[in-house]
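What you see is a predicted model, and the numbers here were worked out from it, not measured in a lab. As the structure lists them, so they are numbered: ligands from 1, and atoms in each ligand from 1.
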Amino acid sequence: MRVTAAVLYDAKKPVVVEDVELSEPGPHELQVRWAANGVCHSDLHVITGDYPHPLPVVLGHEAAGVVETVAPGDHVCSSYIPSCGKCWYCIGGQPTMCALRDKPRWFMLDGTPRFKKDGRGLHHFLQVSGYATHSVLPEESVIPIRKDAPLDVVCLVSCGVLAGAGPVFNRAKVPPGASVAVFGCGGVGLNTIQAARLVGAGQIIAVDVMKQKLAWAEEFGATHVVDASREDPVASVQALSGRSGVDFAFEVVGTQKTMEQALLSTHRGGTCVVVGVSPAGTRLSIDPSLLLQQRVLTGSSFGGGHQRTDVPMLIDLYMRGKYKLEELISRRLPLDELNRAFDLMLQGEVKRSVIVYS
Ligand SMILES: [Zn+2]
Ligand SMILES: [Zn+2]
């Protein structure tokens, strides 16, 4: 069938919105009509070339839609990290580490694409490709969700929301009263702040270089803000903590500098969780004595927990009025304004933009 998709042919060039061919789903695959897809920095990393990827590709990995085959009418969120439920990782309780991650993420599991343009295959992105009106996905890459949740809002849970909030529950397991610092207060970091508030963190220090983002951080639950464009964030977090640093620091930017700053902002025995995605080739330089002082430096993938239950859990919290999702959406745009959506993100003017399909 003919569908409309945004295709990236060359890095550092705009995406091209055009009609392409989508072939029938194979065994254990399903066709989904997307309702919406959030605009995430990881897509931009591919466009800028910071994150090399086979081209041409249909990007987008933060999607929600309606299944058209296998179980027609089911509502789903995309799961950019698949979970098969059968491999050593899935059975062992780490489905975000699923063995399917070892397969090429730009094809279906049989090693072929379903998108074509003029007879030439187009790569999928993380087996989702949400910047298209329709897509075919492996059944391991969708998460069924409740039907009364608005798809153009809950699509955000498919990446940014779970990526930001999950590490608080799953990786750091932040207890009530704990002190937390969050480096980076964009569309993902605001979820880290919000989750820390939800679990009852006593102190939530937001760090960013943009005044606007620090104002958003306060709306989402930050108790203190640090403007890293004016002050040394490590010294400021240490001073605010009343100890030699916070219990938990989360890095949600993806640069060497902010990762090192986040680690240095923890006290002896504290934990630093890296959430930000860094350009290929990024390296850290840390003093190993920080680790001998029993600091933990770790990271998180897609929330670091159980995506098949975490996504519906966050949607339930939103539906009960206990989690802000609408407030994360600054713009709703049609697919043919996708390039503009990336420009707005680069300018730091939006929390999240959502591409909506009519
Ligand atoms: Zn993302
Ligand atoms: Zn698995």
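Of the possible polar contacts, none joining the Asp208 side chain to the Lys213 backbone as a donor-acceptor pair under 3.5 Å is found. Between the side chain of Glu260 and the backbone N or O of Ser285, at least one donor-acceptor pair lies under 3.5 Å. Here the side chain of Ser330 pairs a donor or acceptor atom with the backbone of Lys351 at under 3.5 angstrom.
Under the 4.0 Å criterion applied to side-chain N and carboxylate O atoms, Arg340 and Asp336 are not assigned as salt-bridge partners. A salt bridge links Asp316 with Arg146: the closest approach of a Lys/Arg side-chain nitrogen to an acidic carboxylate oxygen falls below 4.0 angstrom. Looking at Arg2 and Glu21, a side-chain N of the basic residue comes within less than 4.0 Å of a carboxylate O on the acidic one, giving a salt bridge.
Geometry about the Zn ion (ligand 2) gives an angle of 110° between SG of Cys90 and SG of Cys98, rounded in steps of 10 degrees. The SG atom of Cys87 and the SG atom of Cys84 subtend an angle of 110° at the Zn ion (ligand 2), given to the nearest 10 degrees.
For a distance threshold of 2.8 Å, the protein N, O or S atoms nearer than that to the Zn ion (ligand 1), listed by chain and number, are Cys40 SG, His61 NE2, Cys159 SG.
Around CD of Gln347, the count of heavy atoms belonging to other residues, nucleotides or ligands within 6.0 Å exceeds 12.
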